[in-house]
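Quick notes on the structure that follows.
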Amino acid sequence: MAKVTLTVNGRTVSGECDDRMLLVHFIREKLGLTGTHVGCDTTQCGTCVIHMNGRSVKSCSLLAVQASGAEITTIEGIAAQGELHPVQAAFKEHHGLQCGFCTPGMVMTAVDMIGRHGGQLDEATVRHELEGNICRCTGYQNIVAAVLAANQQMHGATRQAAE
Amino acid sequence: MYETNYHRASSVEGAIKLRGDHEEGRYLAGGMTLIATMKQRLAAPSDLIDLRHIPDLAGISIDGGNVRLGAATPHAEVARSEELRAVCPALCNLAGMIGDPHVRHMGTIGGSIANNDPAADYPAAMLALGATIITDRRWITADEFFIGLFETALEEGEMVTAVTFEAPEKAGYAKFANPASRYALTGVFVAKSADGVRVGVTGAGANGVFRHTGMEEALESNWAPDSVAGADVDPEDMLYDMHASAAYRANLVKVMAKRAVIAAG
Ligand SMILES: Cc1cc2nc3c(=O)[nH]c(=O)nc-3n(C[C@H](O)[C@H](O)[C@H](O)COP(=O)(O)OP(=O)(O)OC[C@H]3O[C@@H](n4cnc5c(N)ncnc54)[C@H](O)[C@@H]3O)c2cc1C
C-alpha cells in the first residue's frame with residue numbers, strides 16, 4: 001500500500017491505495033471527482049487528460065504514487081467562482097461537443113495548449129496538438145473553432161489587462 | 001495490472017541499488033511504454049524504480065557544438081529547447097512529432113532508446129548523429145547500442161544516464177506517421193558533418209533501426225534530395241504488417257530520405 005498526497009484543484013488530499021492504482025482511478029474513486037473519464041485503456045484517447053504540475057498528462061497511464069507530491073488540476077478545478085472557464089464557454093458557444101464524453105479531456109488539453117503557445121495558435125497547430133484526443137461525434141471542426149475562439153478571447157483579454 | 005511495488009529514487013546510485021535489490025524490478029521513466037504494457041499484463045515487474053525525480057538525469061546542456069541530453073528529459077522539453085534548436089533543430093522537430101502533447105510531457109529520451117521500439121523516432125537520430133549513449137557504467141556508441149527489435153546492448157540493471165553528440169552541420173528528419181499511433185511507419189534522419197554523412201532509418205527495418213550506407217555514400221558525393229533516388233533498399237530487409245507491406249516500406253525509406261534532405265536544407 002502507498003500513501004498518496006496530492007494538491008487537487010488547490011486542496012491538499014491524502015489517501016492510501018495499492019501501488020498499482022492508476023491516477024485516474026484515484027481521482028474518480030477515492031476523490032469522487034468523476035469528471036475525468038476513462039475511455040480507451042491504451043493511452044490513446046485522451047478523455048483522462050488532467051494537468052500535473054501545470055502540464056497535460058494522461059491520468060490513465062500514470063500510477064497515483066507516481067504523482068504523489070504533485071499539483072493536480074482536473075476539469076472540476078478550472079471554473080472560477082461558478083463561472084465557466086473561457087475554454088468551457090467557447091465549447092458551449094461553438095458547439096464543440098455532442099455526447100460530451102471526450103469533452104473534459106478536450107477542455108484540459110485546450111487549456112494546456114493555449115497556455116503553452118502564448119497566443120500563437122493557428123488551425124494547423126490546434127489540429128496537431130489534438131492528436132492525443134479522440135472525439136467520435138463532432139468531426140473536430142467545432143472543437144478546433146472553440147479552441148481558436150478561446151485562445152483569442154484569453155490572449156485578447158490579457159493584452160487588454162496589460163494596457 | 002498485476003501487483004507491483006513503487007520506489008522513488010533521488011539519485012543514480014540509489015536507483016542502481018534499488019534495482020540490484022529487486023531481480024524482477026524495472027526502471028520507470030515516463031511510463032508511456034511501461035505502464036501501458038503493465039496495464040495489458042504484458043509486463044509484470046515486481047518493483048518499479050522511478051527515475052523522474054533524479055536531478056542528475058534531467059535537462060539539456062550545450063557546450064559549443066557538444067550536446068548532452070539527460071536520460072529523463074521529456075520529449076516536450078527537447079522539442080521546445082531554444083538552445084538545442086540553435087545547434088540541431090532537426091532533433092527538436094523530431095521530438096515534437098512523437099505521439100501527442102501528453103505523451104511528450106511524460107515520455108523520455110532514455111526510456112525511448114532503452115526500449116528500442118522498431119518504430120520509435122529517437123533511435124534513428126541517435127544513429128545518424130553518431131551519438132554516444134552514456135550509462136551508469138560505460139559509454140556505448142549508437143552503432144553498438146541498438147541491436148535488434150526491442151533489443152539493446154544494455155546489460156541487466158544497466159541505466160542510461162544521458163546521450164551526447166556533436167551537433168552536425170546539417171540534419172533533417174522526415175517521418176511517415178502511422179495514422180493511428182503516430183509512431184514511425186518509416187522515419188529517416190540524415191546528418192552531415194565534417195566526418196561525412198550518416199543516415200538512420202526507423203520503422204522499416206526487419207531487424208529494427210539501421211544505417212543505410214548506400215544512401216550515405218550517395219549523399220556524400222552529392223548532397224541533394226534526388227541523390228537517394230537510386231539507392232538500393234531491399235524489401236527482403238523490411239518489416240511488414242497490416243499497415244504497410246515490405247515493398248511499400250522499402251519505397252517509403254527513399255521518399256522519407258529525400259524529404260529529410262530537403263528538411264535539412
Ligand atoms: C499514444 C502513444 C504514442 C506514442 N507515439 C510515439 C511516437 O510517435 N514515436 C516514438 O518514438 N514513441 C512514441 N511513443 C512512445 C513514447 O515515446 C515513450 O515515451 C517511450 O517509448 C518510452 O519512454 P518512457 O520514458 O515513457 O519510458 P518507460 O515507459 O518508463 O520505460 C520504457 C522501458 O525503458 C526502460 N527504461 C526507462 N528509462 C531507462 C533508463 N534511463 N535506463 C535504462 N532503462 C530505462 C524501462 O525499464 C522500460 O523497460 C508513444 C507512446 C504512446 C503511449
Side-chain angles (χ1 to χ4, degrees), chain A residues 1-4 17-25 38 40-70 105-106 108-118 120 125-134 147, chain B residues 1-10 22 25-53 72 74-77 79-80 93 96-108 111 175 177-183:
Chain A
M1 289 292 264
K3 179 155 189 265
V4 174
C17 68
D18 267 0
D19 288 19
R20 65 178 157 177
M21 183 176 238
L22 297 172
L23 180 59
V24 67
H25 292 137
V38 181
C40 68
D41 243 356
T42 53
T43 324
Q44 309 258 350
C45 80
T47 63
C48 67
V49 170
I50 54 139
H51 296 178
M52 178 168 79
N53 296 331
R55 303 236 164 270
S56 63
V57 297
K58 289 174 170 168
S59 62
C60 79
S61 300
L62 194 70
L63 303 175
V65 273
Q66 264 179 291
S68 194
M106 286 287 178
M108 296 310 284
T109 298
V111 172
D112 171 79
M113 183 195 314
I114 292 169
R116 263 185 300 112
H117 284 83
Q120 305 298 308
T125 310
V126 173
R127 288 185 184 274
H128 174 63
E129 291 266 341
L130 285 176
E131 222 133 60
N133 296 74
I134 295 175
V147 177
Chain B
M1 188 185 296
Y2 292 108
E3 273 189 63
T4 191
N5 298 299
Y6 172 87
H7 312 266
R8 185 174 290 185
S10 52
H22 302 286
R26 285 262 208 118
Y27 294 124
L28 172 65
M32 290 296 102
T33 295
L34 186 52
I35 299 286
T37 319
M38 289 172 68
K39 282 176 18 174
Q40 292 171 296
R41 294 193 165 185
L42 296 172
S46 66
D47 294 81
L48 292 173
I49 296 118
D50 192 347
L51 307 180
R52 278 181 56 252
H53 301 268
H75 310 328
E77 201 177 312
R80 69 159 182 268
N93 296 341
M97 286 184 223
I98 297 176
D100 58 55
H102 327 303
V103 168
R104 295 195 286 273
H105 284 150
M106 289 300 295
T108 68
K175 105 162 149 175
N178 179 315
S181 75
R182 297 291 152 194
Y183 273 96

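Here is the naming used below: chain letters follow the sequence lines, and residue numbers restart at 1 for every chain.
Counting only heavy atoms from C-beta outward, the side chains of A:Arg55 and B:Pro74 never approach each other to under 4.5 Å. With contacts defined as side-chain heavy-atom distances shorter than 4.5 Å, the pair B:Ile35/A:Leu22 qualifies.
If you measure heavy-atom distances from B:Ala76 to chain A, you find no contacts under 4.5 Å at all. Both the backbone and the side chain of A:Asp41 have a heavy atom closer than 4.5 Å to some heavy atom of chain B. Both the backbone and the side chain of A:Val65 come within contact range of chain B, judged by heavy atoms closer than 4.5 Å. For A:Leu130, no part lies under 4.5 angstrom from a heavy atom of chain B. With a 4.5 angstrom heavy-atom cutoff, B:Leu28 touches chain A only via side-chain atoms.
Of the listed residues (B:Arg80, B:Arg52, B:Met38, B:Gln40), the greatest number of heavy-atom pairs within a distance under 4.5 Å of chain A belongs to B:Arg80. Across A:Arg116, A:Met113, A:Gln44, the residue that shares the most heavy-atom pairs under 4.5 angstrom with chain B is A:Arg116. With chain B as partner, the option from A:Thr42, A:Asp18, A:Asp112 having the largest number of non-hydrogen pairs under 4.5 angstrom is A:Asp112.
Annotation for B:His53 and A:Gln66: closest pair NE2-O, 4.2 Å, computed over non-hydrogen atoms. Nearest heavy-atom pair, B:Lys39 versus A:Ser61, reported as atom, atom and distance to 0.1 Å: NZ-OG, 4.0 Å.
B:His7 NE2 to A:Asp19 CG: the interatomic distance, rounded to the nearest 0.5 Å, is 8.0 Å. Rounding to the nearest 0.5 Å places CZ of A:Arg20 at 10.5 Å from CG of B:Asn5. To the nearest 0.5 Å, atoms NE2 (B:His105) and NZ (A:Lys58) are separated by 12.0 Å.
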TODO: Check the pair B:His102 / A:Asn133 against side chain to side chain donor-acceptor pair (under 3.5 Å), numbers first and verdict last.
DONE: CA-CA 10 Å; B:His102 327 303; A:Asn133 296 74; 2.9 Å; yes

Open item on the list: Pair B:Leu48, A:Leu63 - check side-chain contact (heavy atoms from CB on, under 4.5 Å), show working.
Closed with: CA-CA 11 Å; B:Leu48 292 173; A:Leu63 303 175; 3.7 Å; yes

- [ ] Assess whether side-chain contact (heavy atoms from CB on, under 4.5 Å) is satisfied between A:Met52 and B:Met106, documenting all intermediate values.
- [x] CA-CA 10 Å; A:Met52 178 168 79; B:Met106 289 300 295; 3.9 Å; yes

